Structures are given as C-alpha cells and as structure tokens.
Amino acid sequence: MVFLRTSEKAGSCFIRTDQLDGETDWKLKVAVSCTQRLPALGDLFSINAYVYAQKPQLDIHSFEGTFTREDSDPPIHESLSIENTLWAGTVVASGTVIGVVIYTGKETRSVMNTSNPKSKAGLLDLELNQLTKALFLALVALSVVMVTLQGFVGPWYRNLLRFLLLFSYIIPISLRVNLDMGKAAYGWMIMRDESIPGTVVRTSTIPEELGRLVYLLTDKTGTLTQNEMVFKRLHLGTVSYGPDTMDEIQNHVVDSYSQTHSQAGGNTTSSTPPRKAQSSAPKVRKSVSSRVHEAVKAVALCHNVTPVYESRAGAATDAEFAEVDQDFSDENRTYQASSPDEVALVQWTESVGLTLVNRDLTSMQLRTPSGQVLTYCLLQTFPFTSESKRMGVIVRDESTAEITFYMKGADTAMSTIVQYNDWLEEECGNMAREGLRTLVVAKKALTEEQYQDFESRYNQARLSLHDRALKVAAVVESLEREMELLCLTGVEDQLQAGVRPTLEMLRNAGIKIWMLTGDKLETATCIAKSSHLVSRTQDTHIFRPVTSRGEAHLELNAFRRKHDCALVISGDSLEVCLKYYEHEFMELACQCPAVVCCRCSPTQKARIVSLLRQHTGRRTCAIGDGGNDVSMIQAADCGIGIEGKEGRQASLAADFSITQFRHVGRLLVVHGRSSYKRSAALGQFVMHRGLIISTMQAVFSSVFYFASVPLYQGFLMVGYATVYTMFPVFSLVLDEDVRPDTAMLYPELYKDLTKGRSLSFKTFLVWVLISVYQGGILMYGALVLFESEFVHVVAISFTALILTELLMVALTVRTWHWLMVVAQFLSLGCYVASLAFLNEYFDVAFITTVTFVWKVSAITVVSCLPLYTLKFLRRKLSPPSYSKLTS
C-alpha cells in the first residue's frame, strides 16, 4: 500500500522486511508529506486526491507512482517511490500507519516472487523404480512361461491371470512402506545427533541424497562468512591506518574539533572552516590532520543508518524530557541500517570520537569529542542500488551553511567519478587480497545556486512517469563529476567457525565446491582463498568481462589451455557464455576443482544449479542462508539452509536446516553415507523376500503339472511379509559399515558412494540369483523329504523359509546392534507362538516330532551355508575399502 500517514512525529516509520528479502535490519519508510501535514486523521476523507501506480512487478526494490491532490489550488503533485510504500509480508516496527492499498492477492510482490517448488525424488528411489519395473516384466514373463508349458489348454487366459496373482509377491509392495519408515528413522537419527545440534530435517523423502553428492554450491555471505563486519583499515592515499593505529585518528579528530571550537569562541556563526584555524601547526601535519578529519566526517554523514533508542523504564513521562534524557545515553543506542557494512562504519566513527546521535528525515546530528552537537540538514539522499553501486547524500552544515555532496561506493563505480589519482586502484587491490570489503568515499562542495539548479531539475525528473529511473540517474550524474577523493575504507567480514577444515574435508571426499555469491569479484576471490575453497597451490583464472560472442569464444579458448586451476567469473560474463557456448562452458567448468561466480542474481544461482544437473547428471546440493538463496536451494537435488543473520527464510525452504556451515561435513560424510547404504540394503532385501517365495510357488506349480494352485494360503502369506520377517528386515536401518569417527577421519571413503555401487543392476542380479537358489532348495528339499501328507510340505518349507530369511538378515548385517538381536528373537518367538493357532495349515502333532526338526534344519543349512561360505571367502580375498581401515 501507499503510506499516507503515521503517528510518529517525524512523518516516517520503520518496517521489518526479513520475510520478503531475508534482510534482518529495519527499513525507513516515509509518509506522503501532503497527507501527513493534514491537521487531523479525519481530514483524509474530506480531500479529493488520487494515486497513480505502475502495474504489478516482481522487483521488490523499486516502485514508481504519483500522488495528486486536486482540490487544492494549484493541484499538488508528489512523486511516490519505494520509500513511500509498505509491501505485504512486512511488519511495522514503530508507530501506527494508515495507507491506501494498491496491490492485493496475486499482485502483491511477495506472491509474485514465489515459485511453486517441485517435489524432489531421490536417486535411490529412481533406481529402485527401475528395478521394480524389471521385476514386473519378470512377473509377466514367468506367468506366460507357465501357461505355455501348460500348453494353452482350456481357458488359458484365466490361468494366466491366476498365475499373475500367485506370483504377485515378486512386486515388492512393502518396499515403499519399509523405505519411507526407514527415511523417517534416518531423519530422527540426524536430529538426535549430538555433534550437530539444532539440525532439522524438513523432508522425509531424500536423506539418501546426502550420500550421493558430487557438487556443492554454496552462498558466501552468512554461509561461509558470519556477516559480522569489523572496521579494519582507513587509507588516505599517503597514510594508511590499521586496527593498532586507530588512536592516532582519534587524536586528529579531537585536535580538529578543539581548534574549531576555540576559534569559534563567542561568535558561533563564524563560518571559518577548520583548516584556517591550524596556521600554527606545521605544514605536513596540518594537511594530514584535516584530511583525517574530513574523511571521518564524510564516513559519519554519508550513510543510511538511524540511531534507535530503547525507551527505558523510569524515564520522564513527558516526551520532551524523555527526548533529552535519551539523547546522550550511549549504552542505550543501537544502530539500524540496511547493510551491516554501514553499521560497522558508523560504529567506527563513534569509536574515534564522532558520534551519530540523532537522525530523522530532514536532519542528522553528530556529537564531537568535546560534547558539542553539530546539526546537518539532509537535503537529498540517493540510496544504494545494485546498478549504481554507490550512495550519496547532500547535507547543509547548520552552523556554516556550507552545502556538501558526499558519496561512497564500490571502487569500480567511483574510480571514474573522483579526480585523477594514482593510488586508488592499487590500494583497492591490496585490501581485497587481505579479504576486506572496500568502499571509496568522496565529496564535492556546492554553492547555493548550484544546489537550487540541481534541485529543480531533480524534482522535475522524479515526477516523470516514463523512464523515471533513467532521468533521475542522468540528473544525479551531472553532479558526480570531479569529486574530491577523501579516503578508502576496509571492512572485514569474518569467516564462520570451522569453515576451512570443513571445505578441506569435502574436497577430500571428492565433492566439487562452487561458490555463488552476489558480492563483488575481489571480495569473492579473497574469501575463496582465505577459506581454502581454492587451495594454496592452485592458480585462479579470472574470466575477463565479456559482452559479445567473439570475446566469449577467445576467453573460453584461453581458459581451455589452463589445467587444474580454479575459475572466477562474474554474473554478466556467465550470462553471455551460457547464451552462446552453454555446452562448452559447462564442460570446462565441471573439470575445475573449484568455481567462484560473483555478482549472481537469485535466478542466476538457480539456473546454474539446474544446468549442472542437466549437463553432468550428477547430484547437486545447494547451501545458503538468505531469502536470495531460496530459489537455488529449491532447484538443487538436495537443499541445505543455514539459520543465519538474514532470517530463517532459507532454512524453512530447505530440505535440511543446520545452524552452522561446519555441520555439513558430518551431515554428508556420516549421515549421508549410512542413509544410502542402509536404504540400498533394505530395498534389495525386501525384493529378495518377495522373489524367494515366488520361486517356491513356481517350483511347486511346475512339479504339480503347472497347476495354478497357491502353495501357502491366507494367514501364512500375510504373516510372512509382516509379523514373521518385518522386524529383522527393518532393523537393517540400524546397520553401519563404518564407524562415524572413521568416516569423518577418512572422507575419501565418500568417493565410492557417488559411483552408486551399493545398489545397481549388478547387485540386484546377485540377489535375484540368491533368491532363485534358496527358493529352489527350500521347495525341492521339502518335496524330497516329503511325508505322506501334503500338509507336511507346507509346514517344512514354510518353517525353513522363515529361518532362512532370519539367517539372511544376519548375513547382511555388518555391525550388530542390540535391537537387531531383539528383532531376530522377537520374530522367531512370534512364529513359534503362532504355530499353536495355525492348526488348519499345520499338523501340530507332526511339528513336535524330531523328524520335523532335522528336516527343517537340513534344508535351512543347505540353503544358507553356501552363501555364508561365499561371503567369508569374499571378505578374505577382496575386502571392501573401508574394512582395511577398521581392522
């Protein structure tokens, strides 16, 4: 809605937008001045006015409109921009507001920016689907073979359907149930892990994906770094101040202000600038001191920071007193701004003696070291945008009436605006190599006439309805010429705890790491080096900015000649390469040990993820912490969100939510590994369970002249897949082949998983052969040791079948857990107990005889012993890679 009126005196209020753009800081919004000036609230209904608004758009950071009041003379026109709007999904943080609604429902920015997330299916599920299809074909083939051997006698199609039903156990219907229960169990185990506290599993479909990842795409700010800024460096061209020399700056500032103060003396309106007061000081000293003072003042004035005072209990009730009481209580002040860099800069100016104590829409107050308060009138503010990469303010000093235009921004944007110098580019490079984020600060003094001329042109441009942004930019650019370069500031963004060892571990695990960030190239490169994303010995190839097809072609050829070097590329160059040489570029990039993409928009991040999936067919994982990473997290096969400074948007949209980046290592190497291995074993075992009983049915039918008669009836079939074998088979989800600490110590073991050898057509065929062998032995054995009555065949073969299943689970297990033993005995107990009730299937008198016991034992030994022998020989002759580490 358009913001018409607020209860706050200043005519502005703060809103929280963390649910819209992932930023945790408050934004300042301004009421339309013509309605804010109305004496009473009810007057809103008596005026005749209208609002013109542009059509609904995706961009949450821009808005163009006009407010026109027709019943005044002359009509009042006011331009509306983003700061006069309140979007749906944001929260008012101060005061009350009244506005006119312009967008609703599907037209709101928050709804337009949501995409429908696709449901993710794990690779393991897709592989099991392929095997299930193969089993279905086997079922049809087997039934057709049976009918053919019958010789198509009588109503053969009826027999075909009967066979299809008899052999339907080949299709593992319980597979889905078992796997879904397994996935829920893995999720529970991950959330219970003490080593990664606070981890939340938000999806129950893809825990196995964590064990199959080849590409990890990570955001930088807030994910690898803490998003906590610390001011580290001030550079004036001839002098550079670091953390250990900040006290010198403080002395300079104190000197400048004490001299100005004494100079002003009784005559407070004296317009003598501070420099004149220093005639007594030596020449060099004078210039440095005044330059330091100018630089600090510029940093203290040129920003979008607002000091906020918490109203304390026990303060005077009268607003005036409260205001006075609050103004100077330093420990009560917090700063709010739209970027942590700006807060770091203002906190630094406070530490060297120039404190921002108050700010509203029209003025700003600074307190000097001696306690004097300087008031500056805010004439214009030009906010920071990603296109302009700079922000500026025009202020008038109340005491001297001097008008100054201050500006700060990225070195790329500012280098053309400031006067010629020989040090800026080099120093920016040096700071970037240290991992600092740089800002260039400049100023320009304006006369009253120059400013009036600018203001009239600026207001005219702001009222235009077409190409408003371009016209406004053109007017502002007319000021941005030959500005005086004041200083260069460096702010450090500290790395998260444990980032280096985690990245090292992931690299050893064979995972290729790509960093996709919206930050500038220099910062991205230095964070990549300091976090060891790019190892010390590797070269980095910085992809030159390209705009056309020819340039992209040359640059790709240059890159092709380099081997084993990390690639750094910016978003716009990437766009050009993908437009003309998508396949070639992806092929080259995939061979790199590490890739850094900087200046990426959220949609670009998502596009890179989907291209990687298309071109390599490998599993990708995206990890981020802000609202701008949501699209990338949803596009990846597996999305991990970090609960960070930028709110919880990413962690809510992700499949897994963690509290720190270093937890990723354990999540993949330990939990990913065990989830995948366990599910593979569980899936194949459930298939084996269905195949073995179908084989017995087939043998039984073929012996009895291909009669379509069921071998086991009613409860035996139901009990077989449930009570008798369910617990031991499901207890495979507790199995682990490698101890967690071993898996963490040797991340190289993870490489084997990505080849997908735990579940493939090869292992599936091995299980099919085992099933056919065991089913055949069990049935033929029971028929050979056949007693006079048919009922004994059922009893012997079924008991042997249950025992075989239990022994096979024991054969598959790699590490015993006490619950597995409980499950084995529980199932056996259930079976023995149920024999008493199943007298319609079993002859109870026969079951208790010795012959029954030895026949069952003999068949079971014949069906299982060869497999145990084979397993033993295989462990001796070709042990798996991990057994060498555990022995």
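All of these numbers come straight from a predicted model, not from anything done at the bench.
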> Do the side chain of Q36 and the main chain of T6 share a donor and acceptor less than 3.5 angstrom apart?
Replying inline: yes
> Between S7 and T96, does a side chain to side chain donor-acceptor pair (under 3.5 Å) hold up when you go through it step by step?
Replying inline: CA-CA 6 Å; S7 58; T96 58; 3.1 Å; yes
> Taking V491 as the fixed residue, which of L436, L345, L439 is the one that meets the side-chain contact (heavy atoms from CB on, under 4.5 Å) rule?
Replying inline: L345
> R468 side chain to R462 main-chain N or O, any donor-acceptor pair under 3.5 Å?
Replying inline: yes
> Is the shortest side-chain N to carboxylate O distance from R599 to E575 below 4.0 Å?
Replying inline: no
> Between Y451 and F454, what is the ring plane arrangement, given parallel below 30°, perpendicular above 60°, and tilted in between?
Replying inline: tilted
> Hey, are D629 and K605 close enough for a salt bridge, meaning a charged N less than 4.0 Å from a carboxylate O?
Replying inline: yes
> Would you say the side chain of R16 lies within less than 4.5 Å of the side chain of T90, judging by non-hydrogen atoms?
Replying inline: no
>> Could you check whether any side-chain heavy atom of K579 comes within less than 4.5 Å of a side-chain heavy atom of R549, counting everything from C-beta outward?
In response: no
> Taking the six-membered ring of Y376, is NZ or CZ of R359 closer than 6.0 Å to its centre and within 45° of its axis?
Replying inline: no
> Would you call R333 and E350 a salt bridge, using N to O less than 4.0 angstrom?
Replying inline: yes
> Would a distance-only check, ignoring hydrogens and angles, find a side-chain to backbone donor-acceptor pair under 3.5 Å from S94 to F14?
Replying inline: yes
> Hey, does V440 have a side-chain heavy atom less than 4.5 Å from the side chain of L485?
Replying inline: yes
> Among side-chain atoms of E64 and S81, is any donor-acceptor pair under 3.5 angstrom?
Replying inline: no
> In terms of heavy-atom contacts, does CZ of R481 have more than 12 from other residues, nucleotides or ligands at under 6.0 Å?
Replying inline: no
>> So T218 and F661, do their side chains get closer than 4.5 Å, heavy atoms only?
In response: yes
>> Do C638 and K120 have side chains that approach each other closer than 4.5 Å (heavy atoms only, starting at C-beta)?
In response: no
>> For F231 and W348, take the angle between the two ring planes, folded into 0 to 90°, and tell me which bin it lands in: parallel under 30, tilted 30 to 60, perpendicular over 60.
In response: parallel
>> Show, in sequence, the C-alpha distance, side-chain angles and deciding distance for S610 and Q614, and conclude whether the side chain to side chain donor-acceptor pair (under 3.5 Å) test is met.
In response: CA-CA 6 Å; S610 37; Q614 266 171 358; over 6 Å; no
> Rounded to the nearest 0.5 Å, how far does CD of Q634 lie from CG of D655?
Replying inline: 9.0 Å
>> Between D360 and K9, does any side-chain N to carboxylate O distance fall below 4.0 Å?
In response: no
>> Between D493 and T225, do the side chains contain a donor N or O and an acceptor N or O under 3.5 Å apart?
In response: yes
> Which pair of heavy atoms, one from C428 and one from D411, lies closest together, and at what distance?
Replying inline: SG-CB, 3.4 Å
>> Between E448 and R396 (salt bridge meaning N to carboxylate O under 4.0 Å), is one present in this structure?
In response: yes
>> Taking E342 first and then K408, would you say they form a salt bridge - that is, a charged N and a carboxylate O separated by under 4.0 Å?
In response: yes
>> Quiz question: by atom type and distance under 3.5 Å, do the side chains of Q460 and S456 form a donor-acceptor pair?
In response: no
>> Out of the candidates K444, K443, R390, only one should pair with E480 under the salt bridge (Lys or Arg N to Asp or Glu O under 4.0 Å) rule; please name it.
In response: R390
> Can you check whether L574 reaches L578 side chain to side chain, under 4.5 Å on heavy atoms?
Replying inline: yes
> Do the non-hydrogen side-chain atoms of I15 and V91 ever get within less than 4.5 Å of each other?
Replying inline: no
> Quick one: do the S478 and R457 side chains pair a donor with an acceptor below 3.5 Å?
Replying inline: yes
